[in-house]
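Working notes, beginning with the structure itself.
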Amino acid sequence: MRGVIMYGPGDVHVVDREDPKIIDPTDAIIRLTATCICGSDLWPYRGIEPVDHTPMGHEYVGVVEEIGADVKTVKPGDFVIGSFVISDNTCEICRAGFQSKCIHAEFVAQTVGTQAEKARIPHADGTLVATPGHPDEDLVPALLAASDVLGTGWYAADAAQAGPGKTVAVVGDGAVGLMAILAARELGAERIIAMSRHPERQKLARYYGATDIVEERGEEGIARIRDLTDGHGAHSVVEAVGTQESFMQAVGATRGGGHMGYVGVNYDVQIPGIQLFFAGIHLLGGPAPVRRFLPDLIDRIWNRTIDPGKVFDLTLPLDQAAEGYKAMNERRAIKTLLTL
């Protein structure tokens with residue numbers, strides 16, 4: 001099969017990989033219908049995470065081809081979506097709703113590698129969710145988004161306690177930030193402030209439900225949020241970037257007693273303890289337990305209540321994955337969908 005391998009930083013190739021096989025009785029083999037490139041894939045691309053001939057990709061939808069003897073909830077022929085973290089969905093932590101911290105948790109990125117024609121998914125019963133049938137072609141991008149960016153944005157908005165009567169501020173206008181805006185709208189937020197400097201992303205933010213746009217950053221951005229909220233700050237703030245500036249901007253934009261959901265992969269972020277102490281806010285974040293949200297998200301997409309697929313603004317065949325990485329790294333694309 002064909003699959004994407006990152007030889008080193010900035011060095012992406014599509015090569016022949018060995019077809020996956022059932023190893024454990026809880027495995028499933030799926031033939032991918034579509035996959036994509038994530039903003040977090042840019043960390044190894046930029047040399048921030050180690051990479052050496054590594055299989056890439058962790059977002060995936062496709063059709064089950066084969067299952068292990070113990071798999072009960074999906075069968076060959078099912079169209080499925082899976083989380084970017086493997087989980088058994090039965091351990092105490094999974095049952096509490098944090099499948100990304102399952103005792104059997106394993107990241108699909110750089111292990112399974114789903115920027116490929118096929119993939120072996122361990123703990124298939126706990127990781128994969130079947131759709132009601134085979135989707136129309138135009139629904140595939142939306143369903144693919146649920147595998148990570150929609151699920152992650154939804155988790156961020158949920159962690160930030162977005163809901164009726166709330167003002168939500170979203171720091172970050174990438175795919176996850178845009179999906180957090182969509183989630184905040186669906187959860188009933190009264191006002192949604194998108195922090196963005198890019199006209200095309202601002203347009204998409206408004207499509208997904210943003211009521212206000214703030215272009216300022218850092219202390220100026222915090223001041224602008226407070227100006228818009230009578231000096232209080234936002235009830236709910238999503239941090240979807242992962243830099244020092246974005247994280248502290250999110251902390252500063254959250255009102256006392258408010259909630260901040262952080263899902264940006266925050267390499268080298270240093271949080272001044274005294275500043276966090278006196279902020280007096282709730283914090284919840286980390287790798288999103290996408291599996292918790294998948295049944296609801298699939299239902300909303302299937303019924304065409306939401307269309308997260310618009311977050312893909314570049315579509316390329318798998319063989320052109322290197323160009324997809326380059327376009328996202330240069331911010332010429334928000335998110336690249338790879339066709340198979």
Side-chain angles (χ1 to χ4, degrees), residues 3-15 17 35-60 84-85 100 106-116 144-145 147-149 151-153 156 170-180 195-198 200-201 204 217-218 221 238-250 262-271 285-288 290 311-338:
V4 175
I5 300 290
M6 191 177 294
Y7 288 13
D11 192 10
V12 174
H13 297 261
V14 178
V15 303
R17 291 176 53 191
T35 183
C36 55
I37 300 169
C38 183
S40 63
D41 291 330
L42 298 181
W43 293 116
Y45 188 81
R46 293 168 177 164
I48 296 169
E49 284 181 359
V51 62
D52 182 8
H53 291 75
T54 302
M56 298 301 295
H58 56 269
E59 297 157 283
Y60 53 104
F84 68 94
V85 183
S100 54
E106 176 185 351
F107 284 101
V108 173
Q110 302 185 36
T111 55
V112 174
T114 56
Q115 289 168 11
L144 177 61
S147 184
D148 182 356
V149 288
T152 295
V170 177
V171 181
D173 61 0
V176 170
L178 291 167
M179 294 297 93
M195 307 195 83
S196 171
R197 289 180 167 180
H198 302 89
E200 290 305 311
R201 299 182 186 217
L204 202 49
R217 292 183 179 175
V238 168
E239 196 289 314
V241 183
T243 65
Q244 182 74 27
E245 182 182 54
S246 65
F247 196 95
M248 297 315 300
Q249 180 172 291
Y262 61 96
V263 291
V265 182
N266 50 2
Y267 283 101
D268 298 325
V269 171
Q270 303 293 317
I271 307 170
V290 168
V311 77
F312 294 104
D313 57 346
L314 178 62
T315 299
L316 296 171
L318 180 68
D319 288 339
Q320 294 181 31
E323 171 54 28
Y325 274 86
K326 185 178 179 183
M328 287 178 62
N329 186 53
E330 295 172 354
R331 293 183 69 82
R332 290 185 285 112
I334 299 171
K335 191 165 181 65
T336 303
L337 186 147
L338 299 174

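Residues: numbered from 1 along the sequence shown. Because the structure is predicted, anything quoted here is derived from the model rather than measured.
By the salt bridge (charged side-chain N to carboxylate O under 4.0 Å, His left out) test, E245 pairs with no residue at all, sequence neighbours left out. Under the rule for a side chain to side chain contact (heavy atoms under 4.5 Å, CB included), the partners of Y7 that lie at least two apart in sequence or sit in another chain are I5, D11, H13, V15, H53. In this structure, the salt bridge (charged side-chain N to carboxylate O under 4.0 Å, His left out) partners of D173, at least two apart in sequence or on a different chain, are R201, R331. Legend: residues meeting ring-ring contact (aromatic ring centres under 6.0 Å, His included) with H198, ordered by chain and number and at least two apart, are absent. Residues passing the salt bridge (charged side-chain N to carboxylate O under 4.0 Å, His left out) test with E239: none are found, sequence neighbours excluded.
With hydrogens and angles ignored, the 3.5 Å screen pairs a side-chain donor or acceptor of T54 with a backbone N or O of D52. Distance alone, capped at 3.5 Å, is enough to place a donor-acceptor pair between the T114 side chain and the G57 backbone. A donor-acceptor distance shorter than 3.5 angstrom exists from the side chain of K335 to the backbone of I37, with no hydrogens or angles considered. Side-chain N or O atoms of D313 include one that pairs as donor or acceptor with a backbone N or O of I334 at under 3.5 Å.
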Working note: V14 + Q115, criterion side-chain contact (heavy atoms from CB on, under 4.5 Å); need CA distance, chi angles, decisive distance, verdict. CA-CA 9 Å; V14 178; Q115 289 168 11; over 6 Å; no
Donor-acceptor pairs are to be reported for all side-chain atoms of residues 315-324 against protein atoms at under 3.5 Å, with residues two or more places apart or in another chain.
from: D319; atom 1: OD1; to: R2; atom 2: NH1; distance (Å): 2.8
from: D319; atom 1: OD2; to: R2; atom 2: NH1; distance (Å): 3.1
from: E323; atom 1: OE2; to: R332; atom 2: NH1; distance (Å): 3.4
from: E323; atom 1: OE2; to: R332; atom 2: NH2; distance (Å): 3.2

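Distance check, rounded to the nearest 0.5 Å: SG of C36 to NE2 of H58 gives 7.0 Å.
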